[in-house]
Amino acid sequence: MNVEQVEKWMTLYQAEVEKNKDYLSQLDTDIGDGDHGNNMARGMTAVADGLEKDKPADLAHAFQNIAMSLISKVGGAAGPLYGTAFLEMAKAAKSGGTDIPNLLQVAADGVAKRGGAKVGDKTMVDVWEPAAKDAQAGQLNDANIDKLVDATKPLRALKGRASYLGERSIGHLDPGAVSTGMLLKTLLQATA
Amino acid sequence: MNVEQVEKWMTLYQAEVEKNKDYLSQLDTDIGDGDHGNNMARGMTAVADGLEKDKPADLAHAFQNIAMSLISKVGGAAGPLYGTAFLEMAKAAKSGGTDIPNLLQVAADGVAKRGGAKVGDKTMVDVWEPAAKDAQAGQLNDANIDKLVDATKPLRALKGRASYLGERSIGHLDPGAVSTGMLLKTLLQATA
Amino acid sequence: MAANEKTGMVLVSHVPEIVAGISKLIRQVAPDIALTTAGGTSDGDIGTDATHILKAIDENAKDDLMVFYDLGSAKMNLDLVKDMTDKTLYRYDVAFIEGAYTAAALLQAGVKREDIEPQLQPMHLDK
Amino acid sequence: MAANEKTGMVLVSHVPEIVAGISKLIRQVAPDIALTTAGGTSDGDIGTDATHILKAIDENAKDDLMVFYDLGSAKMNLDLVKDMTDKTLYRYDVAFIEGAYTAAALLQAGVKREDIEPQLQPMHLDK
Ligand SMILES: Nc1ncnc2c1ncn2[C@@H]1O[C@H](COP(=O)(O)OP(=O)(O)O)[C@@H](O)[C@H]1O
Ligand SMILES: Nc1ncnc2c1ncn2[C@@H]1O[C@H](COP(=O)(O)OP(=O)(O)O)[C@@H](O)[C@H]1O
Ligand SMILES: [Mg+2]
Ligand SMILES: [Mg+2]
Ligand SMILES: [Mg+2]
Ligand SMILES: [Mg+2]
């Protein structure tokens, strides 16, 4: 991946989040506090501003720049989670690991570590981890991403706000899984 | 006991609390939140106002009147505790048990039940319960009351705010024990 | 998901800001539950009193009330108030914010009080 | 009793009023401890962010900090912030108000952090 691709990725993702802001917040209303769309939109506005203000010289700086915007502006669990994903990608890029499968794997591991969630806990980790594996197998595509997102629906949440609802969380998509799906799809578009 | 004695008792106690307001609050600063003197002074002002406004027809009404003032105006643990003591005395007076040893015993039992404290937990119960026994034995006097109050000093608090301090509560008088000592001494004066 | 129609919630704290703040936290996940609060004394000082608590109970639209509180004197006042109201009070000696948040989210999801209580169990504290 | 001279306290909540209120409760029993708070996001909305938490950490007069928080996203931000500060953070997964109140009373009494921790143990919660 290169800086231009990252910038394109973020532009596409911001547009996608903006378009689906209410949808993401509605998903979060069902099993959380209803702010996920607003959180992500605020965060992505900050990401765009940050990349504009401080043109990144290389991939590591681009990821670092994005991470800091997300960390300081999302204002919900998604902030430290996505922030950590980009921080880990910055570290990997610094040591030369700039291929997408490797970047997704370090990001996924960072998210899982930050939230203490495992696959099956009905969080964004349910998309990140298997998507990184799909990428390694050359199988990361929209259909597979949709499958991972949809698979969160029948699960009972064990982490995050939805976990307070116990079995009442069953039958709803996880908002963070949905926004992660969008992030991965726009990554595919930006690097196609 | 009769209504006049109760009124005299409350007048004497209010004066005593007023005089020792800062002392009681200082005791509570050492092992609590520092408001016991203010709480009791505010409560006793309300008691005086209440007895003034609604002249009690009989002993039960006097106790009931006092209880309601304490319950609504003390604003700390001492409110429900002293309030319960007077509510129980009102009940006893209603059924004719107006002798002091009996009144003190029902009050002591009410306080212990309300706070869930036993003798030795370094609370006002450490004065109420043995003082009721002393009264039954015709031994309730200033010297014995002082002994009960002072005995709270070496104890470790197991109930109330002081209990958060664990062994750091040792070596301090319990503020509620001190204000209970004053209450009992003014009772002796009012009924002498 | 319709909110529980039978059971409401009352929050009791020594400090007005605490219950105001918890209400904001709760309203994010439980906009429709019957929630009333008593923060501080009737006079607005730091502390608790039975009169203020009774007011919060009376103001609540429900007769079946889950009650959460911060410190021990609130507990004593709550027990006292039990004899002064016809409503049914369920007092929970659990972590105040975490317990109230959990119960609120579940009430909003229409869960019955009896089914909420097991989820409060691990949050028990001696208060 | 002189307050603990080494260790301070930081409170993190999703809602500004919650930490403002807990500070009032705590100040009654612990007027002298080093206490700073991050309530809500940097922009004053309901939520938490690392920037706001970092500010509360920086503002605290002590380098050794006991940290209490309300919900899980605050916990994640705290872990993130650990790598961004030179101060030492001790995060407690305990009942927020009850834990912070207990620790504050003990810090005020001059008790060491290591001796406070056993008293927080029974207040543990999975957050
Ligand atoms: N402990 C966790 N581990 C992994 N993901 C989590 C965790 N907690 C929350 N999430 C993710 O964050 C999403 C919610 O994000 P957001 O609404 O921004 O946070 P908040 O719950 O603080 O309002 C959830 O849908 C879930 O995917
Ligand atoms: N659970 C309890 N049982 C019996 N007495 C108690 C209990 N809790 C507190 N007290 C008494 O109340 C006194 C403190 O009263 P006060 O300062 O008015 O209350 P608060 O602690 O709410 O500020 C203590 O000194 C103690 O004697
Ligand atoms: Mg949310
Ligand atoms: Mg949120
Ligand atoms: Mg006090
Ligand atoms: Mg008080």
Side-chain angles (χ1 to χ4, degrees), chain C residues 11-31 35 37-41 43-48 52 67-75 91-106 108 118-127, chain D residues 11-31 35 37-41 43-48 52 67-75 91-106 108 118-127:
Chain C
L11 303 177
V12 180
S13 168
H14 280 66
V15 184
E17 284 90 341
I18 290 181
V19 290
I22 301 176
S23 296
K24 284 197 180 179
L25 192 71
I26 281 180
R27 281 303 182 201
Q28 283 202 303
V29 296
L35 173 69
T37 66
T41 67
D43 298 332
D45 292 320
I46 299 181
T48 63
H52 199 188
V67 190
F68 297 87
Y69 67 94
D70 54 4
L71 299 177
S73 77
K75 176 178 166 180
R91 192 198 77 216
Y92 299 100
D93 299 343
V94 299
F96 184 27
I97 294 192
E98 296 85 348
Y101 178 85
T102 303
L106 292 167
Q108 176 68 33
Q119 293 216 42
L120 298 175
Q121 198 72 48
M123 301 184 185
H124 174 83
L125 288 177
D126 285 321
K127 284 192 163 190
Chain D
L11 303 178
V12 180
S13 169
H14 281 65
V15 183
E17 284 88 341
I18 290 181
V19 289
I22 301 177
S23 296
K24 284 195 181 178
L25 192 71
I26 281 180
R27 282 302 183 202
Q28 283 201 303
V29 295
L35 173 70
T37 66
T41 68
D43 299 332
D45 292 319
I46 298 180
T48 64
H52 199 187
V67 189
F68 297 86
Y69 66 95
D70 54 6
L71 300 176
S73 77
K75 175 177 166 181
R91 192 198 77 217
Y92 299 99
D93 299 342
V94 299
F96 184 28
I97 294 192
E98 296 85 349
Y101 177 86
T102 302
L106 292 167
Q108 176 68 33
Q119 293 215 42
L120 297 176
Q121 198 72 47
M123 302 185 185
H124 175 82
L125 289 177
D126 285 322
K127 283 191 164 192

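By convention in this document, chain letters (A, B, ...) are assigned in the order of the sequence lines, proteins followed by strands, and residues within each chain are numbered from 1. Heavy-atom basis, side chains included; hydrogens, waters and symmetry copies ignored.
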Report yes if the side chains of D/T102 and D/V94 come closer than 4.5 Å at any heavy-atom pair, otherwise no.
no
Please look at [X] and chain D and tell me whether the side chain, the backbone, both or neither of the residue comes under 4.5 angstrom of a heavy atom of that chain.
{"X": "C/L25", "value": "both"}
{"X": "C/V19", "value": "neither"}
{"X": "C/I22", "value": "both"}

Could you check whether any side-chain N or O of C/D70 sits under 3.5 Å from a backbone N or O of C/F96, counting only pairs where one atom can act as donor and the other as acceptor?
no
Sequence neighbours excluded, every pair satisfying salt bridge (charged side-chain N to carboxylate O under 4.0 Å, His left out) that has a member inside residues 118-127 of chain D
C/E98-D/K127
Among all residues two or more places apart in sequence or in another chain, which pass the side-chain hydrogen bond (donor to acceptor under 3.5 Å, both in side chains) test with C/D93?
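side-chain hydrogen bond (donor to acceptor under 3.5 Å, both in side chains) check on C/D93 returns C/Y69, C/R91.
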